[in-house]
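Small disclaimer: the values here were computed from a predicted structure and weren't measured. As the structure lists them, so they are numbered: ligands from 1, and atoms in each ligand from 1. Keep in mind that the numbers below use all heavy atoms, side chains included, and drop hydrogens, waters and symmetry copies.
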Amino acid sequence: MDKNLPLIIHLSSSKALAKKVASILSYPLGEAESYTFYDGEEMVKPISEVKGRDIILIQSTSRPASKHLMEVLIFVDALRKNDAKKITLVTPYFGYARQDRQIHHNDPITASLVARLIESCGVNEVIFCDIHTFNTPKFFHIPTYNIEMTSLFKEAFLKVMKDNHYSLDDVMIFSPDHGSEFRGLKLAKALGVSFGEIYKIRPRVDETRIKDIEGSPKDKVVFIVDDIVDTGSTLIEAVEALKELGAKAIYVGFTHAVLKENNYQELLKHDIKKIYFTDTIELAFHHDETSVLSVASLIASKIKETR
Ligand code: R5P
């Protein structure tokens with residue numbers, strides 16, 4: 001094994017993705033071991049020799065978010081204590097990014113706390129995929145890189161257009177809320193199609209109501225893009241509203257499949273032609289494999305670019 005090459009390591013999340021990235025880059029895959037004590041205390045450490053090495057730790061802080069986050073913090077501490085040279089944390093899905101501002105009185109800003117924890121344990125740089133908002137990178141004082149999904153969704157939707165003989169005029173991109181406006185706009189520009197936006201309110205954390213819709217989906221093939229699907233309520237409300245306004249077909253692309261199986265099954269009951277999501281989160285339940293777009297080559301390119 002060439003000790004000058006960066007060493008890629010995964011912990012208990014992102015296993016398949018880390019292997020794909022290592023294989024694309026032809027970098028070695030290091031090993032770690034972990035143990036959870038009866039009270040939930042985590043122990044995690046490298047088995048591979050890390051002294052003097054450039055380490056790339058790939059781990060989404062997805063469900064269970066706190067366990068995966070603690071694994072990162074403990075592991076990085078072990079890397080530091082064992083003289084790793086450089087530590088890059090790749091969190092394809094950065095859990096806790098949704099709590100990035102105070103919306104209600106007494107709210108915490110957990111994304112900023114998590115950024116401080118990651119930084120203080122000794123990470124040198126962080127790579128995210130489609131970070132929820134640009135507040136989170138601002139909480140860091142080390143370099144951060146956000147990988148956008150425009151090219152992945154562009155490729156998938158272009159294929160849909162080609163296979164179904166849709167012209168650019170037939171198609172419209174919609175963002176299901178204001179937070180995803182920049183994603184939708186970028187994709188619409190990249191595809192050369194028009195853009196519409198939905199404005200939503202959240203009466204409760206798991207409930208969505210549509211306030212307003214900008215742009216008409218009438219007789220259009222609509223692609224909805226978002227970063228996260230959790231309960232699915234944002235997406236379902238968007239699909240139903242756009243259908244009611246005359247959308248002729250609806251496709252969906254989202255980056256992070258935070259959702260549980262019930263929510264996924266619920267999505268399938270709605271009139272969606274095809275759902276695309278990425279492998280930033282490894283799903284523990286059966287799903288349509290052809291729906292999954294891999295972020296591995298985008299991550300591999302970013303790792304290369306930062307070295
Ligand atoms: C919100 O700001 C995000 O972009 C997603 O729209 C949201 O997290 C989706 O959540 P849910 O699926 O629970 O509606």
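Side chains of Asp226 and Ser180: a donor on one and an acceptor on the other come within 3.5 Å. Defined by atom type and a distance below 3.5 Å, a donor-acceptor pair is present between the side-chain atoms of Gln59 and Ser13. Side-chain contact check for Arg202 and Thr234: at least one donor-acceptor pair (N or O, by modelled atom type) lies under 3.5 Å.
Under the ring-ring contact (aromatic ring centres under 6.0 Å, His included) rule, Tyr93 has a single partner from His68, His132, His256, which is His256.
Nearest-residue assignment for atom 7 (C) of ligand 1 (options Arg183, Glu207, Arg202; heavy-atom criterion): Arg202. Between atom 9 (C) of ligand 1 and the options Ile228, Thr208, Thr133, Asp130, the minimum heavy-atom separation is to Ile228.
Atoms of ligand 1 lying under 4.0 Å from any heavy atom of Lys200, numbered from 1 in the order shown and given with element: 1 (C), 6 (O). Here is the list of ligand 1 atoms found below 4.0 Å of a heavy atom in Asp177: 1 (C), 2 (O), 3 (C), 4 (O), 6 (O). The atoms of ligand 1 that sit less than 4.0 Å from any heavy atom of Gly232 are 11 (P), 12 (O), 13 (O).
Aromatic ring centroids of Phe134 and Phe182 lie under 6.0 Å apart. No close placement of the Tyr96 and Phe94 rings is indicated, their centers lying 6.0 Å or farther apart.
Protein heavy atom in closest approach to atom 4 (O) of ligand 1: Asp227 OD1, 2.5 Å. Nearest protein heavy-atom neighbour of atom 6 (O) of ligand 1: Asp226 OD2, 2.6 Å. Scanning all protein heavy atoms for the shortest distance to atom 2 (O) of ligand 1 gives His132 CE1, 3.2 Å.
For Pro176, the closest heavy-atom approach to ligand 1 does not fall below 4.0 Å.
With a 4.0 Å heavy-atom cut-off, ligand 1 is reached by the backbone of Thr234 and by its side chain too.
A salt bridge does not link Arg116 with Glu119: every distance from a Lys NZ or Arg NE/NH1/NH2 to an Asp or Glu carboxylate oxygen is 4.0 Å or more. Look at Lys200 and Glu237 and you find no salt bridge, because none of the NZ, NE, NH1 or NH2 atoms lies under 4.0 Å from a carboxylate O.
Annotation: Arg98 places no N or O atom under 3.5 Å from an N or O atom of ligand 1; distance criterion only.
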